[in-house]
Amino acid sequence: MRFSKSFIPTLKEVPSEAVIPSHILMIRSGLVRQVSAGIYTWLPLGYKVLRKIMEIIREEMNAIGGQEFHFPGLNPKEIWEQTGRVEAFGDILFQIKNREYVLAPTHEEIVAFHAKGSIVSYKDMPQIWYQIQTKFRNEPRPRSGVIRGRQFIMKDAYTLDKDTAGLDVGYALHDKAYRSIFDRCGIKYFIVGASSGAMGGSKSEEFMVKSSAGEDTVAYCEKCGYAANAEVAESVAEKALHHAESKNVYEISTPNVKSIDELCSFLKIEEHETAKSRIYIHDGQPVLVLMLGNDEVNETKLTSVLGGVVRPAHPDELKEITGADAGSIGPINFPHRTIADNLLKDGNNLYSGANKNDYHIGGLDLKRDAPKIEYFDLRTTESGEKCIRCGSTLEVFKAIELGHIFKLGTKYSEALGVNFLDENGKEKPIVMGSYGIGVDRVFACFIEQNFDEKGIVWKEPLNPFDIHLIGLNMKNSLVAENCERIYIDLIADGYEVLFDDRMDASAGFKFNDADLLGMPVQVIVGEKNLKDGKVELKNRRTGEKKIVELHRLLDQLQEPI
RNA sequence: CGGGGCGUAGCUCAGCCCGGCUAGAGCGCUUGGUUUGGGACCAAGAAGUCGCAGGUUCGAAUCCUGUCGCCCCGACCA
């Protein structure tokens with residue numbers, strides 16, 4: 001493709017609306033343009049890459065027996081009301097003003113609609129139905145470029161099975177297909193077991209990419225692959241000590257000591273010898289939550305342990321409940337329920353608050369002094385702690401969800417009455433699975449993982465072009481003529497070539513555009529080398545250059561630069 | 001939805017606090033010329049209802065009120 005005739009609007013300056021690298025580079029290199037918050041146009045070069053991603057997805061979905069559909073984006077609202085999801089999605093669901101339609105944020109309802117009355121026998125299953133299509137969600141806050149948009153492209157697939165054993169098979173096939181898809185796209189990802197949330201259903205896995213632009217926090221072990229959402233992640237951490245000799249409880253005056261840090265430096269003790277108290281209100285009743293040292297309470301774990309509604313106590317409630325302000329609260333003589341983190345079990349000679357302002361206690365023996373205490377895993381996992389599976393070091397970081405596979409079960413088939421007859425002539429609801437991939441996110445994540453200070457660094461197979469042919473000074477007839485011939489030869493040899501044939505752009509301008517656009521190989525044709533019958537090859541990723549004989553160009557391209 | 005920031009030429013931004021000639025710069029664009037191995041140079045030029053509406057004032061990009069949009073943090077997130 002000739003650059004001079006292409007719409008590739010590159011930008012020298014960093015667009016003000018973009019913050020993360022992929023977003024900045026997608027705009028600067030003319031791949032996308034924003035139309036409104038969370039709404040983007042894919043420009044030709046970007047759409048070319050997007051099509052490559054979609055084609056990989058298509059191939060892998062077809063390989064597991066998937067059949068491609070094209071479901072409507074516009075859905076009757078009625079069908080969404082039948083599954084209760086108008087309410088479940090709430091404001092996220094776009095609703096059409098002048099007709100009773102909604103813009104589909106996903107397609108379980110429509111799949112169930114088509115299955116109903118058509119998939120009527122156990123002999124009709126299994127089925128794998130999928131599509132690659134635009135989805136609409138009224139996100140309250142779109143962000144990070146195409147990573148979270150109000151309109152985005154999703155590959156969504158659905159399995160229809162007669163029983164859960166069949167569902168297990170379909171789920172495993174998708175797990176395999178997803179690994180192939182992300183592997184082929186050259187993306188570094190990991191897999192997290194997750195809760196299914198508002199989709200309904202049981203088992204699910206998320207395919208994640210590490211990124212500071214991510215919306216989930218996960219704990220990950222590089223060595224064994226253990227990965228979990230930080231809300232549920234477990235780790236091995238050092239327990240509180242149990243000393244042979246248990247001291248008696250004694251009061252210590254600690255004026256103005258409010259935090260564990262201050263307590264440690266005031267008493268010259270280790271964090272590990274202290275027990276921190278936090279007060280929560282659980283269904284209206286106070287609960288003291290005791291943590292070892294400075295460990296943070298994981299409120300998701302706390303909520304799942306307690307059930308019901310849990311919130312931190314307000315500062316003015318603390319005094320009323322404990323007799324002291326935050327910083328001096330402790331478990332001794334606390335008149336309400338007390339729960340503690342597992343790490344504190346059997347701990348003794350601990351320091352904690354005295355429930356009296358400006359006083360702490362020493363010699364706390366939990367078994368002896370707070371016998372009714374209950375122990376649970378309540379702590380927030382932090383980077384550097386040990387993996388519960390292999391003992392290696394865990395890392396905690398932000399991540400982007402690229403794909404999600406669910407075992408839905410019969411939620412939608414029951415709601416919409418999608419039944420079949422089994423081997424015994426008995427009517428049963430179809431068992432469904434649902435599987436999504438954020439196609440634009442694959443694109444953005446690839447860039448997040450493949451760029452440098454000059455621009456994007458594409459690699460096979462997503463690169464929009466194989467070769468960026470740069471003609472320096474196209475007004476020089478020697479350069480122009482040779483470029484034209486090279487361009488034709490490269491295409492004839494099967495390469496996809498972007499030919500920078502612009503007459504008026506200076507050399508430096510072209511070099512910088514080429515680095516920004518990031519094709520894997522640059523073929524640089526200038527008067528200097530051409531006089532000796534040579535051209536230059538540059539490897540975009542390594543920056544390495546090689547001067548080669550023009551007549552040996554095609555051979556040289558076969559070899560690493 | 002809570003907190004913060006921004007809206008002036010196609011892009012990046014200055015001017016606004018402290019109201020006052022004809023609203024600026026760089027990049028980009030047009031024309032002509034000179035250049036051509038790392039974002040060239042000279043000359044001439046086109047281009048803005050200062051987001052929108054209302055108000056205060058002799059006078060508003062600038063002050064006030066409202067409104068819309070965009071970005072960031074948080075909440076939310078199949």
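Chain identifiers are assigned alphabetically (A, B, ...) following the order of the sequence lines, protein sequences preceding nucleic acid strands; residue numbering begins at 1 within each chain. Only heavy atoms go into these numbers, but all of them, side chains included; no hydrogens, no water, no symmetry mates.
- Partners of S506(A) by side-chain hydrogen bond (donor to acceptor under 3.5 Å, both in side chains), not counting sequence neighbours: none found.
- Contact annotation: side chain of R141(A) to base of C72(B), donor-acceptor pair absent below 3.5 Å.
- Interface remark: the N473(A) side chain does not form any donor-acceptor pair with the G37(B) base, using a distance-only criterion of under 3.5 Å.
- Within the 6.0 Å centre-distance limit, the rings of F397(A) and F190(A) are counted as a close aromatic pair.
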Quiz prompt | Under 4.0 Å protein heavy-atom contacts per nucleotide of nucleotides 26-32 of chain B, with B for base, S for backbone only and - for none | solution = BS-----

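- S506(A) has no side-chain polar atom (N or O) that falls below the 4.0 Å cut-off from OP1 or OP2 of U36(B).
- Among the heavy atoms of the strands lying under 4.0 Å from S144(A) are primed sugar atoms or P, OP1, OP2 only; no base atom is included.
- Nearer to the 5' terminus of RNA chain B, by closest-nucleotide assignment, is the contact made by N512(A) (compared with the other of N512(A) and I92(A)).
- If you check every strand for non-hydrogen atoms under 4.0 Å, D513(A) touches a base.
- Residue K510(A) is out of contact with every strand shown, counting any heavy-atom pair closer than 4.0 Å.
- Within the nucleic acid shown, V14(A) comes within 4.0 Å of sugar-phosphate atoms alone, with no base atom in reach, counting heavy atoms only.
- Checking U30(B) for Watson-Crick or G-U wobble geometry (two distances, each under 3.5 Å) identifies A44(B) as its partner.
- Applying the ring pair (Phe, Tyr, Trp, His ring centres under 6.0 Å) test to W458(A) and every residue at least two apart in sequence or in another chain returns F443(A), F446(A).
- Across all strands shown, D515(A) has heavy atoms under 4.0 Å from base atoms, whether or not it also approaches the sugar-phosphate.
- In this structure, R502(A) places its CZ atom 10 Å from C1' of G39(B), rounding to the nearest Å.
- In summary, the aromatic rings of Y40(A) and H23(A) are positioned with their centroids under 6.0 Å apart.
- The side chain of S16(A) contributes no N or O atom lying less than 4.0 Å from OP1 or OP2 of C71(B).
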